[in-house]
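Per chain, numbering begins at 1; letters A, B, ... match sequence-line order.
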Amino acid sequence: MVEPYPDLTAAQREAVLHREGPLLVLAGAGSGKTRVITRRVAHLIETGVPAGHILAITFTNKAAGEMRERISELTGGARVWVSTFHSFCARLLRRYADLAGYKRDYTILDGADQRIAVREATIESALDPKAYPPPKTLYRIERAKDQLLNPAQLLEQAQGAHDQAIARIYDLYQTSLRESSAMDFSDLVMQAVLLLKRDAVREEITERFRFVLIDEYQDTNIAQFQLARLLSLKHGNVCATGDPDQSIYGWRGADVTNILDFEKAFPGAIVVKLEENFRSTGLILAGANGLIRHNRGRHEKDLVTSGPEGTPLEFVPCRDEYEEARLVASRIMAEIRRGVSHEEIAVFYRVGALSRAIEGALSEKGIAYRVVGSVAFYQRREVKDILSYLRLTANPSDDLAAQRVINVPARGVGRGTLEKAKIHASNERTSLFEAARALGNGKRIKNKRTRTGLLRFVEIVDLLRARARSGVTLQELVRDVLCETNYRAFVSENAAHSSEESDRLGNLEALCDGARDFDRRWEGPLLDDEDELHASAPVAPPKPAPRPAKKKQSPKKKQSAKVEGPAAFPLFADHLDAIPAGSTADPVEERREAAPAESGRVEVAEEEEEEEFGPETEHASGISAFLEHTALVSATDESRDQHLPRVSLMTIHAAKGLEFESVYVVAMEDGLFPHSRALEDGEGLEEERRLAYVAITRAKRRLVLTRARNRRHQGRSQSQEMSIFLHEIPPEAFPAGRSPLEQERSYAVGATRTVRPAWEEGIDGPGYDEFNQDDSSQPSWRRAARRQEEEGRGSSRPKTALAQPKRATAGSRADLEEVRRLAQAISRQGGIAEYASGDQIYHEHFGRGKVLAMRGRSSALKIEIEFEDYGTKTLVLQYARMRKLEAEEL
DNA sequence: GCCAAACCACTTTTT
DNA sequence: GTGGTTTGGC
């Protein structure tokens with residue numbers, strides 16, 4: 001018999017062909033995971049599973065978009081529901097909002113809103129925000145929600161007064177969110193889990209989704225794990241894919257035990273391992289394998305490849321961030337000249353702030369680039385203001401939105417009035433918005449101007465609500481907001497410079513454009529009628545029950561509207577259809593035409609299913625749909641020029657799941673990568689190492705690592721140590737087997753002033769005795785290692801509520817020895833080559849020699865050496881492959 | 001109630 | 001260099 005799918009490996013085929021029951025695909029980096037998932041979905045559909053019964057969940061919109069696109073290509077346009085955890089949960093909560101105790105038009109809060117709400121809860125608890133910093137408290141609250149702990153449960157396990165106070169703040173915070181009918185990101189998942197625990201809801205949903213796929217499973221937290229479990233409780237058809245070595249979201253509550261214990265959680269699970277890498281060259285893989293081997297408590301596993309070894313990794317030492325940026329830019333330029341596409345080149349950094357310098361150098365050279373996931377458009381002040389008016393239009397209970405714009409633009413409603421309104425609202429158990437109305441009409445506020453201001457605010461929102469119901473488009477509604485509030489004039493008056501003014505006005509225009517694009521795709525009311533608000537979908541008995549909600553015109557029809565030109569915002573592609581973001585209009589059209597015919601067999605079933613619960617049907621109103629989009633989809637996911645070839649700049653986190661021919665990782669320095677803040681947590685170093693692993697394994701053919709010796713950090717310039725990861729990557733992966741340390745010591749490729757003249761010696765060389773040093777002057781990873789050692793000796797600190805089998809941490813004896821050894825090597829050898837006459841050196845070709853003299857400056861720095869076997873020679877230091885000999889080698 | 005100046009903490013990563 | 005919060009003067 002002929003094997004099906006001869007283009008797949010045996011393991012890949014096994015995963016694709018697997019049918020019923022739980023399946024875990026342990027997919028190493030570049031092992032064809034996406035391919036397996038999409039082929040598996042296609043296979044299910046081909047063998048008779050209606051597309052509507054399949055649900056695929058990812059972490060990012062980008063991943064969802066790509067998967068949707070590829071499935072669509074493979075199946076001729078099958079309409080599988082692919083979405084992020086958060087989008088899926090948001091839809092589920094719309095459908096069952098009343099059961100969950102929220103309005104259908106609930107608000108999704110962003111981080112800034114959350115901080116404000118936490119801050120207020122802190123003050124309300126009579127606690128000092130200085131002693132309880134809102135961001136820290138918020139972090140605790142979110143982690144609690146990630147573990148499905150409600151305030152009472154958090155209080156129960158509180159240790160000490162501080163923890164109890166946090167639990168109290170959580171309680172107040174949650175109450176205030178609920179009163180505003182608002183949810184934060186963690187709520188979306190937590191509340192969805194609570195819903196799915198109800199038999200009736202679960203019945204209906206599991207009837208709808210018989211096959212569930214979850215990508216990047218190693219990054220799931222407890223709530224997401226429960227969601228997966230509940231979704232597959234009935235049919236057991238859950239397929240998880242992931243790689244423990246790529247778990248990089250511990251700080252967000254992700255728990256690797258989910259993937260490690262998959263077989264326990266889903267009895268009878270089949271595990272398929274994909275360990276053959278089809279992406280990277282042998283040397284890149286060797287670098288990655290060698291690095292990740294330094295992590296303790298991991299299953300030994302090496303990625304293998306049968307592909308070519310490729311060229312060595314490049315290490316580029318630089319003087320400072322400007323030189324680093326310039327060198328990266330010129331290398332990129334050279335690649336582009338050689339014909340490498342912009343799209344195949346990426347620059348990664350650990351923290352977003354590092355993009356600045358690179359951006360500068362790239363634009364100087366005229367290299368087109370794109371910063372992935374940068375400053376969120378929807379977070380801009382002017383945009384948030386307008387969105388707040390929309391939020392109030394959809395959900396007048398949204399007190400955070402009301403608070404934000406009750407006096408924007410200024411209309412005489414100051415802090416005092418706001419306080420009075422809040423008190424009134426809490427006394428009367430009403431919204432801030434209604435409180436504003438009451439105070440405006442009442443006698444309690446003496447100042448006439450203030451009363452007028454309040455009434456004006458109320459009037460604007462009332463008007464917007466009326467307009468929204470009267471059938472205007474969203475674009476018109478946004479224009480109404482701008483018009484009624486006179487917002488443009490407000491911007492102009494308040495802008496400090498004309499550039500700021502035009503910036504902000506431009507953002508407002510962009511928002512209007514976004515609204516226009518939304519209108520193109522959305523058919524249906526912007527705002528439900530009042531009575532329908534309360535008649536949200538009841539839990540129907542599983543079988544027939546078409547949803548009683550009013551029948552919206554199928555968005556599919558609307559989709560045939562022309563997508564205009566390449567400049568059109570591909571907004572909402574993820575929500576309304578299977579158009580890959582960035583597609584040009586024509587292929588999209590074709591796919592739409594082609595889809596029904598080719599999947600005709602299952603068409604009828606699909607239509608019915610989608611009336612029940614689908615990505616297209618679960619919005620309470622158009623405004624909510626738009627707001628949900630702004631909350632869950634970052635603006636860069638849909639940037640208008642995605643199709644233009646550009647070099648990509650992004651954080652390593654944002655790079656997960658992507659691949660590029662050429663990858664540059666900048667700022668490989670201690671404190672930055674590994675990041676000092678990440679090391680505060682016990683297992684931080686290991687997660688940082690996984691992050692480095694992710695970065696390396698994104699590269700297909702070329703990997704360039706850079707570091708700056710000095711970097712301006714917060715105002716002042718700081719001397720930086722090399723990242724420990726540069727020492728951990730096997731030297732064999734570098735040219736001539738020379739580690740970055742060796743390379744830096746003896747010569748510097750193209751780095752003009754990295755090699756400092758001998759007379760500057762001793763200014764900032766390390767050379768300290770590490771054991772007598774004050775902690776603060778040591779590399780942060782070394783401090784972290786020491787701390788881990790101390791913790792390792794003491795009682796183990798409970799990390800999560802659920803007792804998890806404790807893995808060995810990096811604090812183990814052998815690991816610490818390793819760190820010590822490296823640390824000594826570094827301090828002994830010094831960072832950068834510094835030569836003085838009389839120094840003994842070793843040259844790769846010429847062997848031993850003695851330095852006679854140094855001549856010239858910077859890039860032309862020459863060194864005169866008397867070799868033992870080759871006589872006296874003058875070499876250009878920059879290209880001399882040699883190193884200084886240490887005392888014990890003499 | 002408004003506004004400007006001083007002040008401060010901050011920047012790890014994201015839905 | 002930032003952005004948000006607090007303070008004090010008008």
Side-chain angles (χ1 to χ4, degrees), chain A residues 57-64 83-90 108-112 114-116 119 123 129-130 133-136 139 142 145-146 183-190 216 219-221 223-224 247-254 348-356 372-376 378-381 407 410-420 445-447 449-450 453 493-494 496 574 628-634 636-637 650-656 667 671-681 684 687-688 690-692 694-695 712-716 780:
Chain A
I57 300 182
T58 63
F59 271 85
T60 65
N61 297 297
K62 193 168 202 160
S83 84
T84 65
F85 269 105
H86 295 272
S87 290
F88 174 78
C89 292
I108 300 172
L109 299 184
D110 69 10
Q114 293 181 61
R115 273 191 298 281
I116 293 169
R119 195 184 164 72
I123 293 167
K130 281 189 184 116
K136 288 220 166 74
Y139 182 83
E142 290 197 303
K145 289 184 183 179
D146 290 344
M183 281 188 249
D184 61 25
F185 287 119
S186 303
D187 273 331
L188 290 174
V189 182
M190 180 172 176
E216 306 284 8
D219 286 327
T220 50
N221 59 36
Q224 287 159 335
S247 156
I248 55 174
Y249 282 102
W251 53 274
R252 212 169 69 183
F348 299 160
Y349 31 80
R350 176 66 234 273
V351 303
L354 292 170
S355 74
R356 279 288 167 81
V372 177
S374 69
V375 272
Y378 297 117
Q379 312 278 80
R380 300 282 174 71
R381 199 198 324 160
N407 195 35
R411 50 175 79 92
V413 183
R415 225 173 57 177
T417 310
L418 180 60
E419 278 314 308
K420 281 179 200 157
I445 304 279
K446 299 277 174 288
N447 190 328
R449 219 185 109 217
T450 301
E493 280 164 30
N494 286 282
D574 65 318
E628 180 184 304
H629 181 86
T630 65
L632 298 181
V633 182
S634 73
T636 42
D637 281 337
M650 65 188 88
T651 65
I652 303 171
H653 283 89
K656 197 180 65 168
L672 230 42
F673 193 23
H675 198 281
S676 47
R677 291 283 287 262
L679 302 183
E680 284 165 14
D681 175 52
E687 183 156 312
E688 292 290 293
R690 290 194 290 271
L691 201 50
V694 167
R712 214 178 311 274
H713 223 189
Q714 281 142 323
R716 66 172 175 278
S780 52

Item to complete: Could you check A:Tyr249 against A:Arg449 and say which one's nearest nucleotide on DNA chain B is further toward the 5' end?
Response: A:Arg449

Practice prompt. Mind checking A:Gly111 for me? I need base, sugar-phosphate or nothing, with any heavy atom below 4.0 Å counting as a touch.
Written response: nothing

Fill in: Distance in angstrom units between A:Tyr349 OH and B:dT13 C1', rounded
12 Å

Worksheet, complete the sentence: Whole-Å distance, A:Lys136 NZ to B:dC10 C1', equals 11 Å

Item to complete: Would you mind reporting whether A:Phe85 and A:Thr58 have side-chain heavy atoms less than 4.5 Å apart?
Response: no

Response to the item:
Taken to the nearest whole Å, CZ/A:Arg677 to P/B:dT12 is 4 Å

Worksheet entry | Results of side chain to side chain donor-acceptor pair (under 3.5 Å) for A:Asp219 - residues two or more places apart only | A:Lys656

Worksheet item: Which of these passes ring-ring contact (aromatic ring centres under 6.0 Å, His included) with A:His653: A:Trp251, A:Phe59, A:Phe348?
Response: A:Trp251

Item to complete: Without swapping roles, check the side chain of A:Arg690 against the backbone of A:Ser247 for a donor-acceptor pair under 3.5 Å.
Response: yes

Worksheet item: With a non-hydrogen cut-off below 4.0 angstrom, is A:Val189 in contact with a base, only sugar-phosphate, or nothing?
Response: nothing

Worksheet item: Heavy-atom distance under 4.5 Å between the side chains of A:Met190 and A:Met183, does that happen here?
Response: no

Worksheet item: Is a donor-acceptor contact shorter than 3.5 angstrom present between the side chain of A:His86 and the base of B:dT15?
Response: yes

Response to the item:
Of all heavy-atom pairs linking A:Asn61 and A:Val633, the shortest is ND2-CA, 3.6 Å

Discussion item. Regarding A:Thr417, tell me which of base, sugar-phosphate or nothing describes its non-hydrogen contacts under 4.0 Å with the strands shown.
Written reply: sugar-phosphate

Worksheet entry | Rounded interatomic separation in angstrom, taking CZ from A:Phe59 and C1' from B:dT15 | 9 Å

Worksheet entry | Interatomic distance where CZ belongs to A:Arg252 and P belongs to B:dT14 [whole Å] | 9 Å

Worksheet item: Among B:dT13, B:dC2, B:dT11, which nucleotide sits nearest the side chain of A:Thr651?
Response: B:dT13

Worksheet item: Less than 4.0 Å between a side-chain N and a carboxylate O, is that true for A:Arg350 and A:Glu688?
Response: yes

Discussion item. Just N and O in the side chain of A:His653: are any of them under 4.0 Å from OP1 or OP2 of B:dT13?
Written reply: no

Discussion item. Show me, range against range, the stems involving DNA chain B, built from at least 3 consecutive Watson-Crick or G-U pairs below 3.5 Å.
Written reply: B:1-9 with C:2-10

Discussion item. Between P on B:dT11 and CZ on A:Arg356, what's the gap in Å once rounded to a whole number?
Written reply: 15 Å

Discussion item. Under a 3.5 Å distance rule, please check whether A:Gln114 uses its side chain to pair with a backbone N or O of A:Asp184 as donor and acceptor.
Written reply: no

Discussion item. Please report the distance, rounded to the nearest Å, between CZ in A:Phe185 and C1' in B:dT13.
Written reply: 15 Å

Fill in: Spacing of A:Ile108 atom CD1 and A:His86 atom NE2 [to the nearest 0.5 Å]
10.0 Å

Worksheet entry | Check: B:dT13 base within 3.5 Å donor-acceptor of A:Trp251 side chain | yes

Protein-nucleotides 3-5 of chain C N/O pairs closer than 3.5 Å?
from  : atom 1 : to       : atom 2 : distance (Å)
C:dT5 : O3'    : A:Arg119 : NH2    : 3.2

Worksheet item: Hey, does the side chain of A:Glu687 reach the backbone of A:Gly684 with a donor-acceptor pair shorter than 3.5 angstrom?
Response: no

Practice prompt. Rounded off to whole Å, could you give me the CG-to-C1' distance for the A:Asp187 and B:dT14 pair?
Written response: 17 Å

Item to complete: Select from A:Gln114 and A:Asn407 the residue whose nearest nucleotide in DNA chain B is closer to the 5' end of that strand.
Response: A:Asn407

Discussion item. What contact category does A:Phe673 fall into here, base, sugar-phosphate, or nothing, at under 4.0 angstrom with non-hydrogen atoms?
Written reply: nothing

